[in-house]
Enquirer: 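Here it is, the structure in full.
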Amino acid sequence: MSQKVRTRYAPSPTGFQHIGGIRTALYCYLFTRKVGGSFILRIEDTDQNRYVPGAEEYIVESLKWCGIKCDEGSHVGGEYGPYRQSERKETYGIYAQQMLESGHAYYAFDTSEELTAKRKEYEAQKKVFKYDPSTRMSMRNSISLGKEETEALLAANTPWVIRLKIPADEEVIVEDLVRGMVRVNSNEVDDKILLKGDGMPTYHLANVVDDHLMEITHVIRGEEWLPSTPLHVLLYRALGWEDTMPKFAHLPLILKPTGKGKLSKRDGDKMGFPVFPLAWQHPTNEESSTGYREIGFFPEAFVNLLAFLGWNPGTTQEIFSMDELIAAFSIDRIGKSGARFDWDKAQWFNQQYIKEAAGSTLAEAAIKVAPDAYKGTDLDFLASACELMKERMTFINDIWEKGYFFFESPKEYDAKVVRTKWKEERVPLFHQLKEQFAALDNFSAANVEATVKAFMQEHGLGFGDVLQVFRVMLAGTKSGPPIFEMAELLGKTEVLKRMEESAKTFDEMKAA
RNA sequence: GGCCCGUUCGUCUAGGGGUUAGGACGCCAGAUUUUCAUUCUGGUAACACGGGUUCGAUUCCCGUACGGGCUACCA
């Protein structure tokens, strides 16, 4: 009974997976690592119409960025391959055939048009059409038509699908690790298509067959699959695999911040934050979106915040490394209700990681996302700048945006400070201060500070009068990192240059 | 519509038959800081409703309301 745990993350490459998918993969991964099992990536590409080139690579890259390592999968191989359902097409046919022979499935010849018409007909009577024991005798299939006619239709190459023959009035019990026992009567389930007209399996068949063949022990997936789980149980039963059926755990959904509906890919950047781990550009249309990586998140922070959306350790600790998450994770601490995505809290997580990071770590991360103009920035200089800026950064990119003045002269100056503090009678004084700086041999923060303080005393000026002007001269803004350290980092030449430039601009601003 | 799942501060959540219902984010106030930020201190704010069960329910049961999911030859 001590069978090795095997789990899988099974996305379909019909688009770029968003944070909900990543969270599912993460929970699955944490659980698997915790118990020393194998984590598998399986690509469910049975829908050739919705296939998006590049989506599979995107999934692999996302997982890699998050630090989620696959033991088996389409990109790493393994003993249970192939791991791409399109490459296992024949396998599903065999099992569909098996169910046909055992009487658990049947051929259906109804066309899409006929089915649509049927649905409309029912809808007109305010009813919902369901292909099930109560209606299948009135449809065109191997049960209603009989053996002879079926064989004739097959021989004439009439298009067909294979449907599961749902038993009438049977109790189906799903034992869910998150929700407990869920009981459904088989009358609620319909005769789902197993094998489509193009010979490809539907999700249900492919999923059950692969989970069985790959010896998956735990199916961890989103709550949207809970309603079709009874169907899956019935499928295991029809295939004679019920005794080795995996355990199920259905995860609560991640909801939009408004609480209206689950977070979806289409939300893109519309909600004011990324819903994708990585930026992407659709291969065939103009659509694109940014990701957490590009916006300047640490993958560790991203993983951390995702872990807390629907799970908690039961302690007050909130900052967790991947290893700590693995150690602390357990399925029974997963919540049951959907969690709204909270952008404020998400930012807070990243801020925590930035605050704790060394300047050099920040610099390495920052240079990767640097705008073209700053790509050549010296790493040591950048590290020092990050060190001074990190307590006011939320994203790694903030060093390039909020802290751009480390790398070039201010683009604009705080107008209010200029208006109130750049007084005509004091202008010569600032030129004098500049000369005093010029005379410094060692342009250290301490020396700059001493110079400024002596200057203030000599002329009877306060901190606000001098420091605010000095700050605006160097950074353009009246808020920012410690000014003396910043001056030291910029260096004497640059400071003198900026003082000169800004003094001119200040004069012009006053004159205007 | 039918079926399934859910419901503790605005948000993420802890808790659990008798608690001052705890923490975090956000927000507000104060302290520190040359500015901003950080940090610290304090504050604001919740058991959806109605019936049971019980000496006692936020906690257990039932119903209602509300929210979410599913209802395709999509996953």
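Lettering follows sequence order; numbering is per chain, from 1. Computed from a predicted structure; not experimentally measured.
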Enquirer: Check A:Asp191 against A:Ile166 and note the closest heavy-atom contact, atom names and distance.
Expert: OD1-N, 3.1 Å
Enquirer: Pick base, sugar-phosphate or nothing for A:Val161, based on heavy-atom distances below 4.0 Å to the nucleic acid.
Expert: base
Enquirer: Is there, by distance only and without an angle test, a donor paired with an acceptor across the side chain of A:Arg179 and the base of B:rC5 below 3.5 Å?
Expert: no
Enquirer: Mind calculating the distance between CG (A:Asn187) and P (B:rC4) to the nearest angstrom?
Expert: 12 Å
Enquirer: Please pick, from B:rG1, B:rC73, B:rU35, the nucleotide with the shortest atom-to-atom distance to any side-chain atom of A:Val128.
Expert: B:rG1
Enquirer: Where does the angle between the aromatic ring planes of A:Phe109 and A:Tyr107 fall among parallel (under 30°), tilted (30 to 60°) and perpendicular (over 60°)?
Expert: parallel
Enquirer: Which pair of heavy atoms, one from A:Trp311 and one from A:Ala328, lies closest together, and at what distance?
Expert: CZ2-O, 3.6 Å
Enquirer: Over all strands shown, is A:Thr477 touching base, sugar-phosphate only, or nothing at heavy-atom distances under 4.0 angstrom?
Expert: nothing
Enquirer: Any side-chain N or O of A:Lys192 less than 4.0 Å from the OP1 or OP2 oxygen of B:rC73?
Expert: no
Enquirer: How long is the line joining CD1 of A:Ile334 and C1' of B:rC5, in whole Å?
Expert: 15 Å
Enquirer: The side chain of A:Arg119 is closest to which nucleotide in this list: B:rC73, B:rU35, B:rC4?
Expert: B:rC73
Enquirer: State which of B:rG6, B:rU34, B:rC73 makes the closest approach to the side chain of A:Phe484.
Expert: B:rU34
Enquirer: OP1 or OP2 of B:rC3 sitting under 4.0 Å from any side-chain N/O of A:Lys130?
Expert: no
Enquirer: May I ask you to verify if any side-chain N or O of A:Arg221 is less than 4.0 angstrom from the OP1 or OP2 atom of B:rG69?
Expert: no
Enquirer: When we call it a touch if two heavy atoms are under 4.0 Å apart, what does A:Gly310 touch: a base, just sugar-phosphate, or nothing?
Expert: sugar-phosphate
Enquirer: Is the distance from OP1 or OP2 of B:rG2 to the nearest side-chain N or O of A:Lys126 less than 4.0 Å?
Expert: no
Enquirer: For the pair made of CD in A:Glu318 and P in B:rC25, what is the distance, rounded to whole Å?
Expert: 7 Å
Enquirer: Need one value for A:Lys390: base, sugar-phosphate or nothing, where a base atom within 4.0 Å counts as base even if backbone is also close, heavy atoms only.
Expert: nothing
Enquirer: With heavy atoms under 4.0 Å as the rule, sort A:Gly222 into base, sugar-phosphate or nothing.
Expert: nothing
Enquirer: Does a donor on one side chain sit under 3.5 Å from an acceptor on the other, for A:Glu56 and A:Ser74?
Expert: yes
Enquirer: Quick check: on RNA chain B, is the nucleotide nearest A:Arg333 upstream (toward 5') of the one nearest A:Gln351, or the reverse? Name the residue that is more 5'.
Expert: A:Arg333
Enquirer: Base, sugar-phosphate, or nothing: which does A:Ile483 touch, judged by heavy atoms less than 4.0 Å apart?
Expert: base
Enquirer: I want to verify a distance call: between B:rC73, B:rC36, B:rC74, whose nearest atom is closest to the A:Asp47 side chain?
Expert: B:rC74
Enquirer: What is the nucleic acid contact for A:Lys262, judged by heavy atoms within less than 4.0 Å: base, sugar-phosphate only, or nothing?
Expert: sugar-phosphate
Enquirer: Does the structure show a Watson-Crick or G-U wobble partner for B:rA65, both distances under 3.5 Å? Name it, or say none.
Expert: B:rU7
Enquirer: Given that A:Lys345 and A:Ala339 both sit by RNA chain B, which one's nearest nucleotide is further toward the 5' end?
Expert: A:Ala339
Enquirer: Could you tell me whether the side chains of A:Asp169 and A:Asn185 share a donor-acceptor contact shorter than 3.5 Å?
Expert: yes
Enquirer: Would you please confirm or rule out a distance under 4.0 Å between OP1 or OP2 of B:rG67 and any side-chain N or O of A:Ser337?
Expert: no
Enquirer: Give A:Arg340 one of three labels, base, sugar-phosphate or nothing, depending on what nucleic acid heavy atoms sit under 4.0 Å from its own.
Expert: sugar-phosphate
Enquirer: Take the protein atom CG of A:Leu388 and the nucleotide atom C1' of B:rU35, then report the distance between them rounded to whole Å.
Expert: 14 Å
Enquirer: I want to check one thing: is the phosphate of B:rU13, taken as OP1 and OP2, less than 4.0 Å away from some side-chain N or O of A:Asn312?
Expert: no
Enquirer: Using the six-membered ring of A:Phe248, assess whether NZ or CZ of A:Arg221 lies under 6.0 Å from its centre and within 45 degrees of the ring axis.
Expert: no
Enquirer: Using a cut-off of 4.0 Å on non-hydrogen atoms, how would the nucleic acid contact of A:Glu44 be classed: base, sugar-phosphate, or nothing?
Expert: sugar-phosphate
